[in-house]
Amino acid sequence: MLPWLVLLAPLVAAGVILLVTRGSRALSAWISVGAVAVSFVASVALFLGPDLRSSVDWLRFDVLEGISLAVPFGVTVDSLSKTMLLVVTGVGLLVHVYSLGYMHGDRGEARYFACLSLFMFSMLGIVLADNFVMMFIFWELVGASSYLLIGHWFERPSAAEASKKAFLMNRIGDFGFMFGILLIWGMFGTVVFADLPGGIERLIGGVDAMRLTDPVQAATLSKRLTSFLTLAVLGIFCGAVGKSAQMPLHTWLPDAMEGPTPVSALIHAATMVAAGVYMLVRVSFLLPFAPSAMTVIAWVGIITAFVAALMAVQQDDIKRVLAYSTLSQLGYMVSAVGLAASGAAMFHLFTHAFFKALLFLAAGSIIHGMHHEQDIWQMGGLKNKQVITFFTFLVGALALAGLPYLTSGFYSKDAILYAAAGKSIPIFVLGLITAFLTAFYMTRLFLAVFFGKPRSEKAKTAHESPLVMWLPLVILAVPSVIFGFPFITSAFQLDAGHHEAGAIPVPMLAALAFLLGVGNGLWIYARREHDPIRISLLARKFYFDEIYAGLVRVTQDLAARIAGFLDRYLIDGLLVRGASALTFGAGFVLRFFQVGSAQSYAMVFALGAVLLLWVALR
Amino acid sequence: MSAITLNDYLLVSGILFAVGLFGVLVRRNIIVIYMCLEIMLNAANLALVAFSRFHVAPDGMPDYHGQALVFFIITVAAAEVAVGLAIIVALYRTRQTTQIDEINKLQY
């Protein structure tokens, strides 16, 4: 029963808020917080309990005679989903509490909490789902609730645009995901995760058995099996590209920062964007059968990590810097999956969820204290005004940058770098450069926000946030530090085991990257009133948005031209005007026969009768 | 002088029909045209009666089917005359004329 309690408590809360308590903001908020607290407690109980699976028959689609798609509604609780449950409900609980302060007095507070609960339900659905179709349904629900939350302040055009963009970008990825699911179902006849390894073994066993009798046929079949599996994996990966905002579908995530900051922390840093990585880890048993797909995944991930880090270097909006760093870290995780180190990916997901949620919530606290100013060059000197935020942000930033041996981020990033060093040197080098850039831009952000003189009126009057806001920061600071330590990773059954890296001293190089990044950051940005470097290519995010806008414009233009041509000349010209011209012409010709004289008609009639008679008697 | 044969009757019937048709086609007054129509009708009747008389069954009796049909035609024609004349009266009341070349409103 516990998994169902975890899953359904937020749904009930969302329903109650929407249907009953919508009028009362405070009550709605507390219902939502209570529901996620119930989920959290149940998750802890699940975590301490045994693995279990439970499912009920749910949907059955009869596709053709004898071929049907059976979709059970099932939950699966294993070490992977247990860890993820704790991350989602734990961070979710803190974000809910934080939202009590952050969203206090907002007109749409009840709606906000209802959407947040709906999101928790959908996200927990993804985590618990035991088959592809169910995961896909919750996947879409997550997209929908993310849409609702990004567009929470829908009266702002930028927020409305951002929510639309996020939804559409996700849809592009989801199309590939659906394609992949259908391929999987077509090959194995099942969409249940637990049945898939057996399905693969059966197919491969069949090919092996054929090898004895008909080697040529077996070779073609084996090749075909590999290519279909590669296609399926790439399709599923498309879903992860959309949801985890990998290149080239990454542009929605920075724009999603238009949503309220707690939403950015929960959805666009800790949980939803990690869903893509989680899903890849969940199906990682498929990957060894599609080696070329793995290469693609690894490269897409590391390129996203590198390019996003470059873009983060030149952003001025505090939330956007964090958004690009999220992209970058997600790139690490995806890359790790592609490097056959899904344990390392999950480890980094785990630590990243906490320190990135911490960073976002701290950023929210800063924004709150700064009266909704987000430009880091308008801040400065906040270390004396927001002491708690300052220290917690410091912890988060150090974890993200990877302070050697003391923070969780260092350990998890190390695990990924180890995997890269063992597999592919170019990916390893890109990963190191990304680590350097991460340390660099976090130093830049940190110095600009907290040090120097206040650079605006708002910064002079900044104040510390209320208790419900700084308490989650303090709580999150603890896991940000300790969750990389070996005793934690063994407790959570995370795979922090270091892969074979050959002769490369990975921790030394990672520490060097950290020191270089921080050192360069200090050297360039200490005591600066404004940004001394301007690289417009990076500040404009490699012109991705402009290119996409142009692409949309060109295709739309072309489509509009074609549609216009069809409408103007084919529909209007040929069909509408053609029909009228035909009728008009026929009338014009035929009217000459209508002389109105009854006797001439009678004459023609008589002649006709004679003619018929003649024909009949001839 | 020989006996009157079926052909003689049919000839008279044809002449009557032709006279009627000619009248329908060339006369201007609707009432006259109407009378010509009746002539055509009766030409047909004549032909029917003649066929009936000359189509003799093996026992020497004529075939009365044709004559029965003629009675029906006469009855229907009486009704038809009533309707037709009513139309002509109505037409005259609206148009104040029975000249067919003046009744050409159906022209384009």
Side-chain angles (χ1 to χ4, degrees), chain A residues 164 168 551-618, chain B residues 6-7 10-11 13-48 51 73 80-81 83-108:
Chain A
K164 249 187 301 186
L168 288 178
L551 211 62
V552 168
R553 206 164 41 238
V554 168
T555 44
Q556 240 174 16
D557 220 45
L558 191 68
R561 268 169 207 279
I562 293 172
F565 176 82
L566 287 181
D567 188 51
R568 198 168 298 150
Y569 296 104
L570 200 74
I571 310 279
D572 273 2
L574 200 65
L575 297 182
V576 176
R577 295 219 189 95
S580 92
L582 189 70
T583 328
F584 183 82
F588 186 79
V589 173
L590 288 176
R591 77 172 54 149
F592 291 108
F593 299 99
Q594 302 296 316
V595 290
S597 146
Q599 277 174 319
S600 54
Y601 301 157
M603 183 74 174
V604 172
F605 172 72
L607 286 178
V610 169
L611 191 69
L612 281 180
L613 208 62
W614 179 71
V615 169
L617 296 180
R618 190 160 54 103
Chain B
L6 177 62
N7 273 346
L10 290 186
L11 192 65
S13 167
I15 290 169
L16 267 179
F17 191 86
V19 166
L21 183 61
F22 185 73
V24 166
L25 292 184
V26 301
R27 294 307 295 260
R28 291 284 175 263
N29 193 312
I30 289 183
I31 293 174
V32 177
I33 290 174
Y34 205 65
M35 282 156 62
C36 293
L37 270 177
E38 291 300 318
I39 291 174
M40 287 166 76
L41 207 60
N42 283 312
N45 280 346
L46 181 60
L48 274 171
F51 277 123
I73 292 178
E80 176 240 308
V81 165
V83 175
L85 283 175
I87 291 175
I88 291 169
V89 170
L91 197 61
Y92 181 76
R93 280 186 184 158
T94 52
R95 307 296 308 266
Q96 303 298 323
T97 178
T98 54
Q99 294 303 105
I100 197 156
D101 49 349
E102 288 171 24
I103 303 170
N104 57 359
K105 275 285 156 189
L106 280 177
Q107 200 181 10
Y108 62 87

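In what follows, chains carry the letters A, B, and so on, assigned in the order in which the sequence lines appear, proteins first and then strands, with residues in each chain numbered from 1.
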Contacts of Phe22(B) meeting ring-ring contact (aromatic ring centres under 6.0 Å, His included) (sequence neighbours excluded), chain-then-number -> none
Could you tell me whether the side chain of Gln599(A) and the main chain of Ile100(B) form a donor-acceptor pair under 3.5 Å?
-> no
Honestly, the part of Ala606(A) sitting under 4.5 Å from a heavy atom of chain B is side chain
Listed by number, the residues in residues 28-45 of chain B that come under 4.5 Å of chain A (heavy atom to heavy atom) are Arg28(B), Ile33(B)
Rounded to the nearest 0.5 angstrom, the CZ-CG distance for Phe605(A) and Leu25(B) is 11.0 Å
Heavy atoms of Ala602(A) and Val24(B) approach each other most closely as CB-CG1, 4.4 Å
